[in-house]
Amino acid sequence: MPMFPDTKITPERIAETEKRIRPHIRHTPVLRSDLADFGLNPGRLDFKLEFLQHSGSFKARGAFSSLLGRDVPAAGVVAASGGNHGAAVAYAAMRLGIPATIFVPSVTSPAKAERIRGYGANLVIGGERYADALAASQQWVEERGAMAIHAYDQPETLLGQGTIGLEIEADIPDIDTLLVAVGGGGLIGGIAAWFEGRVRVVAVEPEGAPTLWQAFEAGHPVDAPAGSIAADSLAPKRVGELMFPIARAYAQRPLLVSDDEIRQAQQTLWDRLRIVAELGGATAFAALFANKYVPAPNERVAVLLCGANTTAVRFD
């Protein structure tokens, strides 16, 4: 069995993290459905509704893990984000009484920017992509002495996201396969570290932002395109160094889905289940709905719906 002595992202540490953050996060529910509901061959399908987490995405887990597991300076915390990580850090900082500054690129959706401001954080918008926001946040750390909370390439972040795997195993103990969207890889890295191969963990990425796919091809993280309609949540420059050996050991080679397939998946979740998912949150389901992943007969499949910070549905 592979060992990761430098990362220390282990099931034991994930379980310890879960106990630490439990008072501050929701145990999100699972919705039992059927593949036939979506015009596919009949078979059981479970959805992990992680978009019901505080701040509208799974990112709250990693944020609380960081804030509760590290010594925070008087200058507070700073984070760079496409939106969801920033909202999560802002929310966790608000709940714990910690000053927070969040840097986001111009592609960040208005819904995510509004959430960050609503949680009382100092929001700074600049640059076109996540990498630009990250560079600006690093300069802020140097100038102000704030503590940086990385969106995906930090042990506390992966440990926090790994607690989703713990919940899934508790609620769906007979699961065979889990489909997970990938951006920087903190989510799938933490989940794969929890399961350690006991469950088939399938990575799904937009064709326009194939960060993990290109890392698998190269054998290490490399710069990748940062396009796609899901760029505000699934388009960093490259996957994290910490998650890559975990993904290579315990996750399947990534599947790529088109922007049209992501949009169709988002619309279908609304039409069939009345679930409002952001584009990045619907990406894992897109692989199933577009037949990029075809389950075997009697295979027990689950899809992680990871975020819902979107204005795709407006209520009059």
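Owing to the predicted nature of the structure, the values given are computational and were not obtained by experimental measurement.
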Exercise for the section: Compute both the distance and the angle, then confirm whether R272 meets the cation-pi test with W270: under 6.0 Å from the six-membered ring centre, within 45 degrees of the axis. Expected result: no

Validation row: [X], [Y] side chains within 4.5 angstrom (heavy atoms):
X    : Y    : result
V124 : T101 : yes
Q154 : R70  : yes
L187 : C306 : yes
E241 : H220 : no
H24  : L68  : yes
D171 : H27  : yes
F51  : S57  : no
D71  : M147 : no

Exercise for the section: Kindly determine whether R200 and E299 satisfy side chain to side chain contact (heavy atoms under 4.5 Å, CB included), including the steps that lead there. Expected result: CA-CA 11 Å; R200 182 183 300 108; E299 182 179 349; 3.1 Å; yes

[X], [atom1]: over 12 other non-hydrogen atoms inside 6.0 angstrom:
X    : atom1 : answer
N298 : CG    : no
D174 : CG    : yes
R44  : CZ    : yes

Kindly compute the distance separating [atom1] ([X]) from [atom2] ([Y]), expressed to the nearest 0.5 Å.
X    : Y    : atom1 : atom2 : value
L166 : I14  : CG    : CD1   : 8.0 Å
I262 : Q266 : CD1   : CD    : 9.5 Å
N84  : N309 : CG    : CG    : 4.5 Å
I275 : T268 : CD1   : OG1   : 11.5 Å
Q139 : R144 : CD    : CZ    : 10.0 Å
L273 : F47  : CG    : CZ    : 5.5 Å

Practice task
Return the orientation label for the Y152 and H150 ring planes: parallel under 30°, perpendicular over 60°, tilted otherwise.
Solution key: perpendicular

State, to 0.1 Å, how close [X] and [Y] come at their nearest heavy-atom pair, and which atoms those are.
X    : Y    : value
T108 : S81  : OG1-O, 4.1 Å
P221 : R238 : O-NH1, 3.2 Å
P73  : G145 : CG-O, 3.5 Å
A75  : P99  : O-CB, 4.4 Å
A92  : A63  : CB-CB, 4.0 Å
G162 : W194 : O-CB, 3.9 Å

Are [Y] and [X] co-members of a hydrophobic cluster defined by side-chain heavy atoms under 4.5 Å apart?
X    : Y    : value
F285 : L179 : yes
L305 : V202 : yes
I149 : F58  : no
I25  : I164 : no
L52  : V303 : yes

Test item: [X] side-chain N/O and [Y] main-chain N/O as donor-acceptor pair under 3.5 Å:
X    : Y    : value
T17  : R13  : yes
D153 : L242 : yes
R198 : F195 : yes
R300 : G43  : no
Q252 : V201 : no

Checking side-chain polar atoms at under 3.5 Å, does [X] have a donor or acceptor matched by the opposite partner on [Y]?
X    : Y    : result
T283 : E205 : no
T28  : E50  : yes
Q214 : D223 : no
R61  : T163 : yes
D271 : Q267 : yes

Practice task
Applying side chain to side chain contact (heavy atoms under 4.5 Å, CB included), run through V77 and V89 and close with a yes or a no.
Solution key: CA-CA 8 Å; V77 297; V89 172; 4.0 Å; yes

Exercise for the section: Using side-chain contact (heavy atoms from CB on, under 4.5 Å) as the criterion, point out the one residue from V30, I175, V199 that pairs with I168. Expected result: I175

Fill in the blank from the handout: Exactly one of V180, L288, V257 clears side-chain contact (heavy atoms from CB on, under 4.5 Å) with V204, and that residue is V257

Problem - From CA spacing to verdict: side chain to side chain contact (heavy atoms under 4.5 Å, CB included), I116, L123 - result: CA-CA 7 Å; I116 293 169; L123 178 66; 3.8 Å; yes

Exercise for the section: Run the salt-bridge test on K48 and E167 with the 4.0 Å N-O cut-off and return the result as yes or no. Expected result: yes

Exercise for the section: Could you go through the salt bridge (Lys or Arg N to Asp or Glu O under 4.0 Å) check for R253 and E217 one step at a time? Expected result: CA-CA 9 Å; R253 181 172 286 270; E217 288 291 298; 2.8 Å; yes

Donor-acceptor pairs are to be reported for all side-chain atoms of residues 131-138 against protein atoms at under 3.5 Å, with residues two or more places apart or in another chain.
residue: D132; atom: OD2; partner: E128; partner atom: N; Å: 2.8
residue: D132; atom: OD2; partner: R129; partner atom: N; Å: 3.0
residue: S137; atom: OG; partner: L134; partner atom: O; Å: 2.7

Exercise for the section: Begin with the C-alpha distance, continue with both residues' side-chain angles, and end with the deciding distance and a verdict on side chain to side chain contact (heavy atoms under 4.5 Å, CB included) for L304 and I191. Expected result: CA-CA 11 Å; L304 177 58; I191 290 173; 3.8 Å; yes

Completion exercise
With sequence neighbours left out, the residues meeting ring pair (Phe, Tyr, Trp, His ring centres under 6.0 Å) with F103 are W140

